[in-house]
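Protein chains get the first letters and strands the later ones, always in sequence-line order, with residue 1 at the start of each.
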Amino acid sequence: MAVEGLALLARPDRLASICGKEHCMRYSKLLLPTLKEVPSEAETVSHQLLLRAGMIRKLASGIYDYLPLGLRVLRKVEAIVREEMNRAGAQEVLLPAVQPAELWQESGRWQVYGKELLRFRDRHDRDYCFGPTHEEVITDLVRRDVHSYRQLPLNLYQIQTKFRDEIRPRFGLIRGREFIMKDGYSFDVDETAADQTYEAMYDAYSRIFRRCGLRFKSVEADSGPIGGSFSHEFMVLAETGEDVVVSCIACDYAANLEKAEVVSAAETGNEAPAPLTKVHTPAVRTVAEIADFLKISPARILKTLLYETDQGVVAVLLRGDHEVNDVKLKNLLRVNELALAGEAVVRRETGADVGFAGPLGLQVPIYADQSLRGLANLAAGANEDEHHYTGVNLDRDVDVRQYADLRQITATDPCPRCGAALEFLRGIEVGHVFKLGYKYSQAMQATFLDANGQERPMFMGCYGIGVSRIVAAAIEQNHDADGIIFPVPLAPFHVLVIPIALQDEQTMTTAQTLYEDLTAAGLEVLFDDRDERPGVKFKDGDLLGIPFRVVLGPKTLAQNAAEVRDRRSRTMALLPLASLVNELRQRVQAGIQT
RNA sequence: CGGGACGUAGCGCAGCCUGGUUAGCGCGCCUGCCUUGGGAGCAGGAGGUCGGCGGUUCAAAUCCGCCCGUCCCGACCA
């Protein structure tokens, strides 16, 4: 591995191919419009810094231009992704962004996908969409050209612009509508073979995010009603993350909040069942109000929620201090659509306003969270305005169809694997691997003949990485008050060379020579040749987040030395000119894992 | 889609409530002088359909209506 790292450093042509001609490395010629002030539209750090550092500009809501610096970072991420995908045996393809509706109708998603799918018509009035993902296209490709078990397994990926018409784009590159994604799809003869592919992808992903210099965690995720099998998300840990990750402090269990299993400690209340009593509870609707009114703990209140699903209305019972987990409920009921019932439905089913619903006398199927099992003498709505019951005992009073894990895990719940304490972390999802199974291969007849001449559908897997999102996530995780602190592997340049006195001939020649030597040594160097005061250059340098800075001026040159500063640690060292190239090469190399 | 806010020069904002000079300020930009180790100073300058359309009025950035766009909270999210 180390050998390849050296090879990379020894090949400046690789870099030239990213940026083109050498003159791009001159700050005065680069389109690098930095901003002193924070654009008002940006709320999160990464969004603010991406704009301020001149890396992106907004064209429309959730749609961004990538300027030269931003593109360089994007290319860095792509390069790492490519290397690791190829190393893991995947092959790169490039599929169309515009896709015909027929394919989506074939898989059934044309109906299901909803408004997030950007649809349009061509001049012949034929329906198309801009691909938000490419299962249909890849399955179509494979079914036409792969027919034998001898051609499997097959693992194809692409790095491409996607479009999802998000309800609410936000946080700049973190949740854009147009974004760049690596999506990969695998085809195997059966699930056993697919498991191996999954493992290989999981490992490749771990290497990718490690090489990007990110602090991340892989967590168990919900695989939806399709897979049934496992699925993992890769989360970059950051305060501003949109997702909540539950992680065990003792063992290596970690899961998405939605997926995290709850194991209920058996509550052994051997209270004798009290008689059912109806209580007048005027203007008392919320759990907190009821608890207050009846002078009991929220844990002793039975919360009854009505849900509308594509299979009809159901009731869900929870302890008053617990929250329902929609994903778990959806999976249990095996429904696609699920929504909390509106006032009208509640009135129809319970005969009362929202806030007075209870399980007694309900005609709809009742599902209860497992933590309610065995609890005695609870308070619940009476299905009558301004009334609640006390002394409710589910075993005695209610026909519960099924007890199940239906609630959101809390910080006080134990780890479902080892029983130790859990911690809640925030993360940004940058990768997702999961088994698709036969969903698409069956719907679209992607089949092959096995060794016995039997026709069988291929077992598919799907693997995504948010390439542009990684750029933002890296910044969320690596910044300070002065700007970005790029991990070396993602930095747009390794070294920033700043000559301090433009009119001093010796300074300029030395800087120019240093720039050339560093470049020849395989380092990527930005040469700040602007006629600006030093303070301006320092501020911009810090903002851009280039890992190492070399400042050259008459003062240090008199000692045949230059000042090298580490962006992250802010440490400075005065080093002999002769040692600069070597020193910087070592520092950069130390920051790049392969 | 529901709730909230905003739209005035490239960026950040004031002016609007209480209609009436030539629509201001800071940053950035251009020219010159000066300065050169943490976003200097002085002088001069360019840059505006005040988001759009319509209405009220002698007169609209300002009041009213509709539309468009943007951001925040929520519901939603392979």
Side-chain angles (χ1 to χ4, degrees), chain A residues 33-44 47-48 51-52 54 57-63 104 107 109 112-117 131-136 138 162-172 174-177 179 181 183-185 221-227 231 233 242-243 256 258 326-327 330 336-340 342 429 431-436 439-440 460-466 481-483 498-504 507 528 530-544 549-557 562-563 565 570 572 574:
Chain A
T34 57
L35 267 25
K36 274 191 196 175
E37 288 171 289
V38 181
S40 59
E41 70 192 34
E43 197 76 3
T44 42
H47 192 191
Q48 292 175 352
L51 289 166
R52 286 191 56 210
R57 288 292 183 261
K58 187 179 70 180
L59 180 62
S61 178
I63 301 178
W104 286 71
S107 71
R109 287 161 109 194
V112 179
Y113 215 94
K115 290 195 179 169
E116 203 174 310
L117 184 63
T133 175
H134 281 69
E135 282 85 0
E136 283 82 0
I138 198 86
K162 303 275 196 257
F163 193 94
R164 292 180 191 176
D165 203 353
E166 295 278 349
I167 297 169
R168 185 149 93 84
R170 57 185 131 179
F171 307 146
I174 291 180
R175 182 169 292 263
R177 292 193 294 171
F179 58 99
M181 175 171 170
D183 51 326
Y185 308 89
D222 178 62
S223 49
I226 329 155
S231 160
E233 286 172 353
E242 289 184 280
D243 293 299
N256 185 310
E258 312 231 286
D326 286 358
V327 172
K330 226 183 240 187
N336 291 318
E337 299 297 321
L338 187 73
L340 211 48
E429 181 188 348
H432 195 171
V433 293
F434 64 98
K435 293 203 276 182
L436 281 176
K439 179 180 162 85
Y440 296 94
M460 293 174 59
C462 167
Y463 318 93
I465 289 183
D482 291 316
I498 299 183
I500 221 92
L502 293 198
Q503 70 295 105
D504 180 63
T507 301
D528 193 348
R530 293 177 300 167
D531 184 11
E532 288 287 356
R533 298 164 61 85
V536 173
K537 296 186 177 190
F538 295 154
K539 286 289 185 189
D540 274 333
D542 286 351
L543 178 61
L544 301 183
R549 182 183 84 189
V550 183
V551 176
L552 293 156
K555 277 182 224 162
T556 58
L557 244 40
E563 175 195 284
R565 178 173 177 267
R570 297 168 165 266
M572 295 208 254
L574 198 61

B/rC1 pairs with which nucleotide, Watson-Crick or G-U wobble, both distances below 3.5 Å?
-> B/rG74
A/Ser61: what forms a side-chain contact (heavy atoms from CB on, under 4.5 Å) with it, not counting sequence neighbours?
-> A/Pro169, A/Arg177
A/Lys115 NZ to B/rA75 C1', in whole Å, measures 14 Å
What pairs with A/Glu135 under side chain to side chain donor-acceptor pair (under 3.5 Å), at least two apart in sequence or on another chain?
-> A/Arg109, A/Thr133
Send over the distance from A/Glu166 CD to B/rC76 C1', rounded to a whole Å.
-> 9 Å
Between A/Ile465 and A/Met181, is any pair of side-chain heavy atoms under 4.5 Å apart?
-> no
Those residues that, when tested against A/Thr507, pass side chain to side chain donor-acceptor pair (under 3.5 Å) (two or more places apart) = A/Asp504
Which residues share a side-chain contact (heavy atoms from CB on, under 4.5 Å) with A/Arg565, sequence neighbours left out | A/Asp542, A/Arg549, A/Arg567, A/Arg570, A/Met572
Whole-angstrom distance between B/rG10 and B/rC29, as gauged at atom C1' = 8 Å
Would you mind building the protein contact string for nucleotides 27-36 of chain B? One character per nucleotide, 5' to 3', B for base within reach (heavy atoms under 4.0 Å), S for sugar-phosphate only, - for untouched.
-> SS------BB
Is A/Asp326 touching bases, backbone alone, or none of the nucleic acid, heavy atoms closer than 4.0 Å?
-> sugar-phosphate
Send over the distance from A/Glu563 CD to B/rG37 P, rounded to a whole Å.
-> 12 Å
Checking B/rG37, B/rC77, B/rG39 against the side chain of A/Thr556 (C-beta onward), the nearest is B/rG37
Are the side chains of A/Val38 and A/Arg52 in touch, meaning some heavy atoms are under 4.5 Å apart?
-> yes
Write down the distance between CZ (A/Arg530) and C1' (B/rA40), rounded to a whole number of angstrom.
-> 15 Å
Considering only atom C1', compute the distance from B/rG20 to B/rC63 and round it to an integer number of Å.
-> 14 Å
Residue pair A/Ile500 / A/Gly553: nearest heavy atoms and the distance that separates them = CG2-CA, 3.6 Å
Rounding to a whole Å, what distance do you find between A/Lys539:NZ and B/rG38:C1'?
-> 6 Å
May I have the distance from A/Asn256 (atom CG) to B/rC77 (atom P), rounded to whole angstrom?
-> 13 Å
What integer distance in Å separates A/Leu544:CG from B/rG39:C1'?
-> 13 Å
Considering residues at least two apart in sequence or located in another chain, which fulfil the ring-ring contact (aromatic ring centres under 6.0 Å, His included) criterion with A/His47?
-> A/Tyr64
Distance between the C1' atoms of B/rA61 and B/rA9, in whole angstroms?
-> 14 Å
Taking a pair to mean Watson-Crick or G-U wobble geometry with both distances below 3.5 Å, B/rG54 pairs with B/rC64
Find which nucleotide of RNA chain B each of A/Leu543 and A/Phe179 is nearest to by heavy atoms, and output the residue with the more 5' nucleotide.
-> A/Leu543
Per-nt protein contacts along nucleotides 67-73 of chain B (heavy atom under 4.0 Å; B base, S backbone sugar-phosphate only, - none) come out as ---SSBB
Apply side-chain contact (heavy atoms from CB on, under 4.5 Å) to A/Pro132 and list each qualifying residue two or more places apart in sequence or on a separate chain.
-> A/Trp104, A/Tyr113, A/Leu117, A/Arg164
How far does the P atom of B/rA40 sit from the matching atom of B/rG26, given to the nearest Å?
-> 16 Å
With rounding to whole Å, what would you report as the distance between B/rC58 and B/rG51 at their C1' atoms?
-> 27 Å
Looking across every strand, which nucleic acid part, if any, lies under 4.0 Å from A/Asp542 by heavy atom: base, sugar-phosphate, or nothing?
-> base
Would you list the protein and nucleotides 41-46 of chain B atom pairs, both N or O, that sit under 3.5 Å from each other?
none

How far does the C1' atom of B/rG54 sit from the matching atom of B/rU49, given to the nearest Å?
-> 16 Å
Just how far, in rounded Å, is C1' of B/rC1 from CD of A/Glu116?
-> 15 Å
Sorted by chain and residue number, the ring-ring contact (aromatic ring centres under 6.0 Å, His included) partners of A/Phe171 (sequence neighbours excluded) come out as none
Mind checking the C1' distance from B/rC25 to B/rG47? Whole angstroms is fine.
-> 15 Å
If you measure from the P atom in B/rC67 to the same atom in B/rC76, how many Å do you get, rounded?
-> 27 Å
Please list, chain by chain and in numerical order, all residues satisfying side-chain contact (heavy atoms from CB on, under 4.5 Å) with A/Leu574, sequence neighbours excluded.
-> A/Thr556, A/Gln559, A/Ala561, A/Glu563
pair_partner(B/rG41), Watson-Crick or wobble, both distances < 3.5 Å, evaluates to B/rC33
Contact class for A/Arg57 (heavy atom, under 4.0 Å): base, sugar-phosphate, or nothing?
-> nothing
So, A/Tyr185 side chain and A/His134 main chain: donor-acceptor pair closer than 3.5 Å or not?
-> yes
State, with a plain yes or no, whether a side-chain heavy atom of A/Pro33 is found less than 4.5 Å away from one of A/Arg57.
-> yes
Sort out the partner of B/rA14 for me: Watson-Crick or G-U wobble, both distances under 3.5 Å, none otherwise.
-> none
Donor-acceptor pair under 3.5 Å, A/Arg570 side chain vs B/rG38 base = no
Quick one: on RNA chain B, does A/Val38 or A/Glu242 contact a more 5' nucleotide (nearest heavy atom)?
-> A/Val38
Which side-chain N or O atoms in residues 533-540 of chain A pair as donor and acceptor under 3.5 Å with protein atoms at least two apart or in another chain?
| unit_1 | atom_1 | unit_2 | atom_2 | d |
| --- | --- | --- | --- | --- |
| A/Lys537 | NZ | A/Pro499 | O | 3.2 |
| A/Lys537 | NZ | A/Asp528 | O | 3.1 |
| A/Lys537 | NZ | A/Arg530 | O | 2.9 |
| A/Asp540 | OD1 | A/Thr34 | OG1 | 2.9 |
| A/Asp540 | OD2 | A/Arg530 | NH1 | 3.1 |
| A/Asp540 | OD2 | A/Arg530 | NH2 | 3.2 |

